[in-house]
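Following: one structure in structure tokens, then a few remarks.
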There are 2 protein chains.
Amino acid sequence: MKYSSSKENYIKAIFHLQQEENVVSTNGLARALSTKPASVTDMLKKLKTQKLLQYQPYKGVKLSAEGKKLALQIIRKHRLWEYFLVEKLGFGWEEVHEIAEELEHISSKKLIERLDIFLGLPKTDPHGDPIPDGQGRMPLIEQTSLLELPHNIPAKIVSVSNQSTSMLELLRHNKIGIGTKLSIIRRFEFDHSLEISITGQPFITISEQLAANLYVSYDATGKP
Amino acid sequence: MKYSSSKENYIKAIFHLQQEENVVSTNGLARALSTKPASVTDMLKKLKTQKLLQYQPYKGVKLSAEGKKLALQIIRKHRLWEYFLVEKLGFGWEEVHEIAEELEHISSKKLIERLDIFLGLPKTDPHGDPIPDGQGRMPLIEQTSLLELPHNIPAKIVSVSNQSTSMLELLRHNKIGIGTKLSIIRRFEFDHSLEISITGQPFITISEQLAANLYVSYDATGKP
DNA sequence: TATTTTTTTTAGATTTGTCTAAATAAATAT
DNA sequence: ATATTTATTTAGACAAATCTAAAAAAAATA
Ligand SMILES: [Mn+2]
Ligand SMILES: [Mn+2]
Ligand SMILES: [Mn+2]
Ligand SMILES: [Mn+2]
């Protein structure tokens, strides 16, 4: 079955919102898609007849098994294209989301399988997010919030949960990216900001808000 | 300015049809786009208000300077993606047109410039067609006699030197014309006849005399 | 030239995806 | 429990791109 870009965007947005709250609201979806609640209701009815989701008026929406499968295919395409753009074409990791938003709707199945091989079967995209395999299986990546990282323990950034342009701009300014190695020097009581040390650079201080969106992996016994 | 995929397909089709006959007919366009003449008339009116073409009812259509520029941008994208698919992802040259038909509508200008550089600024696509540069200039492709075409190199008939009735009759019988895409499978020593493969048709054998009158273009840029 | 055929346009519908404004249901507060 | 606020759906409209059937113009033929 082939679906319009618009429908695919809905399915993907529902999938992501479902990670937070088990059932997705009309307003939440409208916000995520920058559209109006009335439009969402219209579309949900169409997607329901196509059996991509379960929907009862006023009761919210949940993806069906088929809907989840479709969502994972789109996410796979999105993340593989992002990887291509950064690793092969030299884009910055903050520029690629918008372009991948279009590329993810290219329909050829064979294209994406060959792209995957060409890229060397990457496990994560440039933002550290896992790339589902051809069967829609997501590799598990253990990660903890930077807020929970103990002091003076070397750690490595593995993902960034907020991928807004403004956030990515701030990260770039602070020279923080996926794979950046750092440790926490101290925490300030007043505003909970963190002084951190990035390998080979002077100490900087980042806000609690920023730290909350950074996820790291580390070795509890001392090595990242 | 950004245009829908549908509009871009119209502009591209008009551009190609214009190569043959200076003014393009509603029916011809409908045939090329696998749509109905009534739909073409509707669209031509819209494209006219956008100043992409000159159109007077019953008088056919011609691209404006702006329309031509747009067409060349789309053709550039189409051919660069085809090159990518064949050279980087290992697709066969007969599989890529359909996929490029979608990829050509991805809007990022920066993407296509970086792709061009990544591919090594290729001059022709896998079918031997020239790739317009960023300013919409088409590189001149040297044309050679079919006799001089190396084996297994995709090429396109660009001219026919003998235009006698008998010659054209033979060409029609063999379904060969301007624009026909082919490659040489083998050359027979005995009479120097050529076995050739025409896209989408069974192999045929043609005489040396016929081949001597067919001129082709192909990508001569150093590839094996 | 008159007639017939072909080409093109117009009229009126349809589908998809969106919107605003109004109605209704659900949740919250008094 | 009633009133108010918030969330959601419905009603009706619109733009884009398409279609079929009918009308009109242009071209070809007799
Ligand atoms: Mn998208
Ligand atoms: Mn990403
Ligand atoms: Mn296309
Ligand atoms: Mn081509």
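In what follows, chains carry the letters A, B, and so on, assigned in the order in which the sequence lines appear, proteins first and then strands, with residues in each chain numbered from 1. Nothing here was measured: the structure is a model prediction, and the numbers come from that model.
Taking five base pairs at each end of the helix from C:dT1-D:dA30 to C:dT30-D:dA1 and finding the rotation axis that steps the C1' atoms of four pairs onto the next four gives two axes whose angle is 10°, to the nearest 10°.
Protein atom CG of A:Leu47 is 10 Å distant from nucleotide atom P of C:dT18, rounded to whole Å. The separation between B:Lys48 atom NZ and C:dT8 atom P is 16 Å, rounded to whole Å. In this structure, CG of A:Leu29 is placed 11 Å from P of C:dT18, rounded to the nearest angstrom. Taking atom CG of B:Asp42 as the reference point, atom P of C:dT9 lies 10 Å away to the nearest angstrom. Rounding to whole angstrom units, CD of residue B:Gln56 and C1' of C:dT9 are separated by 14 Å. For the pair A:Lys45 NZ and C:dT18 P, the interatomic distance rounds to 15 Å; values are reported in whole Å. Going from atom OH of A:Tyr58 over to atom C1' of C:dA27 covers 13 Å, rounded to whole Å. Taking atom CG of A:Asn27 as the reference point, atom C1' of C:dA26 lies 12 Å away to the nearest angstrom.
The residue B:Tyr3 sits apart from the nucleic acid: no heavy atom pair falls under 4.0 Å. Within 4.0 Å of B:Pro37, counting heavy atoms only, lies at least one base atom of the nucleic acid. At the heavy-atom level, B:Thr26 lies under 4.0 Å from the strands shown only through sugar-phosphate atoms. Across all strands, B:Lys59 comes closer than 4.0 Å to no nucleic acid atom at all (heavy-atom distances).
Note that CD1 of A:Ile74 is 11.5 Å distant from CD1 of A:Ile112, once rounded to the nearest 0.5 Å. Separating the CD atom in A:Gln19 from the NE2 atom in A:His16 is a distance of 7.5 Å, to the nearest 0.5 Å. Atom CD of A:Glu66 is separated from atom CE of A:Met1 by 7.0 Å, given to the nearest 0.5 angstrom. Considering CD of A:Glu104 and CG of A:Asn9, their distance stands at 5.5 Å, rounded to 0.5 Å. Going from atom CD of B:Glu8 over to atom NZ of B:Lys2 covers 9.5 Å, rounded to the nearest 0.5 Å.
Applying the 6.0 Å contact sphere to CD of A:Glu20 captures no more than 12 heavy atoms from other residues, nucleotides or ligands. Around atom NZ of B:Lys62, no more than 12 heavy atoms belonging to other residues, nucleotides or ligands sit under 6.0 Å away.
Contact check, A:Lys7 against C:dT16: no side-chain N or O comes under 4.0 Å of OP1 or OP2. Contact annotation: A:Ser4 side-chain N/O to C:dG17 OP1/OP2 distance is under 4.0 Å. Close to C:dC19, at under 4.0 Å from its OP1 or OP2, lies a side-chain N or O of A:Thr35. In terms of phosphate contacts, A:Ser6 brings no side-chain nitrogen or oxygen within less than 4.0 Å of OP1 or OP2 of C:dG17.
With a cutoff of under 4.0 Å to any heavy atom of chain A, the contacted region of DNA chain D is bounded 5' to 3' by D:dA7 to D:dT10.
Geometrically, B:Lys46 does not engage B:Tyr10 in a cation-pi contact defined by less than 6.0 Å to the ring centre and at most 45° from the axis.
For the pair A:Glu95 and A:Arg172, the salt-bridge criterion is not met [side-chain N within less than 4.0 Å of a carboxylate O]. Between A:Lys109 and A:Glu113 there is a salt bridge, since a side-chain N of the basic residue sits under 4.0 Å from a carboxylate O of the acidic one.
Two residues, B:Gly60 and A:Ser5, neighbour DNA chain C, and the one matched to the more 5' nucleotide by heavy-atom proximity is B:Gly60.
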